[in-house]
Amino acid sequence: MSIRIYNTLGGKKEEFKPIREKKVGMYVCGPTVYDYSHIGHARSVVVFDVIARYLRSQGYEVTYIRNFTDVDDKIIKRANELGVDSLSVSEKFIEAFCKDMDALNVQRPDFEPKVTEYIEEIKAFVEKLIEQGKAYQTDGDVYFSVESFSGYGKLSGRKLEDMEAGARVEIDERKRNPFDFALWKAAKPGEPFWESRWGKGRPGWHIECSAMSNKLLGETFDIHGGGKDLIFPHHENEIAQSEGASDKTFARYWIHNGFVNINQEKMSKSLGNFLMIKDVLKTYHPEAIRVFLLSNHYRSPIDFTDKAMDEAGAALDKIYSLLERAETNIGAQISADAPGDYWRRFCEAMDDDFNTAKGLGIVFEAVRNINRSLDENAEMTPELKKQIGSDGSDILKIGSILGILAESHQTYFGKKKQKAIEEKSVDAAAIERMIQERTEARKSKNWARADEIRKQLEAMNIILEDRHDGTVWKAER
RNA sequence: GGCGGCAUAGCCAAGUGGUAAGGCAGCGGUCUGCAAAACCGCUAUUCUCCGGUUCAAAUCCGGAUGCCGCCUCCA
């Protein structure tokens with residue numbers, strides 16, 4: 001079974017064939033670190049995290065790279081606002097980014113290159129383009145000449161002639177074509193700079209990805225990803241530079257994820273509705289965030305609402321509850337191994353352009369079927385135990401790709417209780433005492449007292465479940 | 001102005017030629033002292049609308065309407 005990927009370059013699904021058998025080079029554009037990361041960054045990072053995990057599960061040896069842009073106008077601006085140097089701004093937000101992504105159970109890429117660590121490679125790349133006559137220098141700036149690259153516009157489906165009518169680009173007399181873009185920018189007073197043949201300056205925005213991917217993955221690699229907004233101009237320009245310099249295909253498969261909207265509105269500075277990951281994490285379990293992000297196809301827009309997040313949380317509860325029930329019934333811990341039918345169907349969904357939404361549907365089918373099996377069979381026969389262990393194992397294996405179900409159900413529900421205790425200032429010991437009293441009341445068939453206690457707890461957002469082996473409590477969402 | 005995407009039940013959503021996954025909410029039922037949880041059943045004869053191709057279309061083609069994104073160093 002082969003994997004099919006929707007390639008932005010060409011605009012259709014294609015069978016995925018890596019350059020080297022069973023090896024994949026993947027480069028994803030990371031953040032410009034001038035602020036905390038928002039939920040949109042989370043989507044991009046989670047989507048490509050899942051893609052990397054899935055490819056590895058299918059036997060590919062993946063070299064996954066995600067860069068940090070740590071020199072940039074916005075970082076300099078922020079540094080000036082704060083009265084610190086730009087390096088301390090970028091370091092601070094790189095650290096914050098890593099903290100957020102660790103919280104979201106994102107696996108670290110193999111390399112996380114920073115622009116400031118690849119200045120020599122970038123200068124050499126620019127030099128090469130100048131030698132080839134594809135870039136030119138004016139004052140201390142160096143520009144790439146878009147007209148030197150005949151394929152310019154092939155990724156975004158634009159033509160230079162058409163775009164000139166747009167008139168949204170300021171005319172810079174020093175550029176030969178308004179769409180020429182900076183490879184190297186001369187330093188203004190007070191800006192960070194590196195010495196170069198063209199004077200003191202710093203890299204332009206696009207060149208870093210070309211230089212770093214070239215160094216780490218070679219002139220041609222398999223997958224290049226990022227948010228949809230990067231298609232133009234960023235990725236278009238990367239192609240122009242890289243293919244201009246090497247005369248070879250740059251990246252073979254271009255994958256772009258859709259945006260996250262907030263209550264049907266685009267996140268934007270004017271609306272001031274940027275939703276930071278660190279803030280969302282205060283309210284929702286990180287795995288619920290992943291479930292939410294993966295419940296739509298990665299290319300579609302997705303709408304962040306409290307309702308959608310509550311549903312994602314409920315979905316996660318449902319899966320963990322099933323795992324708890326299954327382990328209790330078979331009297332053993334379930335581990336992710338011995339792939340079965342659900343896993344096979346999950347892989348079919350993922351093979352079709354990483355359809356995580358369909359994959360999650362398969363998880364719920366498994367959950368329902370196992371629950372039914374447990375409802376219908378009072379006797380736990382060895383065969384039944386084996387079946388449930390195997391199906392549960394599929395769920396965990398799928399979870400290991402989606403990056404969910406990484407906790408034990410004890411930890412998961414324990415944390416939920418803990419959170420309820422802290423946030424709603426309930427007293428766990430008091431709850432236990434009340435439950436104890438209710439249990440006594442029930443034994444003596446004092447239903448009125450039993451119901452009264454339950455009502456009291458309900459008022460504290462505590463829900464009771466009377467099970468065969470005792471009463472347990474849960475915090476209402 | 002140029003380019004691209006989307007439109008599936010009350011809500012979210014998968015489905016790219018073979019007769020509508022899954023989740024949430026709702027209603028009815030099983031279980032329960034009563035609940036909760038879980039399960040079962042019901043809830044789109046139909047996929048924005050109009051044409052066309054085909055034995056067959058939510059799926060392909062043309063058109064209409066509506067919504068959205070990019071063309072601004074926003075993932």
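So you know, we letter chains A, B, ... as the sequences are listed, proteins then strands, and number each from 1.
- Side chain A:K307 to base B:C24: no donor-acceptor pair is found below 3.5 Å.
- Put simply, the side chain of A:D229 and the base of B:G69 share no donor and acceptor less than 3.5 Å apart.
- Nearer the 5' end of RNA chain B, as judged by each residue's closest nucleotide, is the contact made by A:L464, out of A:L464 and A:N369.
- No hydrogens or angles were tested; on distance alone, nothing pairs the side chain of A:R43 with the base of B:A75 as donor and acceptor under 3.5 Å.
- For B:A14, neither phosphate oxygen OP1 nor OP2 lies less than 4.0 angstrom from any side-chain nitrogen or oxygen of A:N355.
- The base of B:C34 is paired with the side chain of A:D466 by a donor and an acceptor separated by under 3.5 Å.
- Contact annotation: A:R372 side-chain N/O to B:C40 OP1/OP2 distance is under 4.0 Å.
- Residues A:Y342 and A:N369 bring a donor and an acceptor atom of their side chains to less than 3.5 Å of each other.
- The six-membered or imidazole ring of A:F304 lies near that of A:F292, with a centre-to-centre distance under 6.0 Å.
- Considering only the side chain of A:E365, B:G22 comes nearest among B:G22, B:A13, B:A75.
- If you check every strand for non-hydrogen atoms under 4.0 Å, A:G40 touches a base.
- Below the 3.5 angstrom threshold, one finds no donor paired with an acceptor across the side chain of A:R368 and the base of B:G22.
- Side chain to side chain, A:S210 and A:E238 fail the donor-acceptor criterion of an N or O pair below 3.5 Å.
- Nucleotides of RNA chain B nearest to A:V367 and A:I302 differ in position, and the one nearer the 5' end is that of A:I302.
- At most 12 non-hydrogen atoms from other residues, nucleotides or ligands lie less than 6.0 angstrom from NZ of A:K77.
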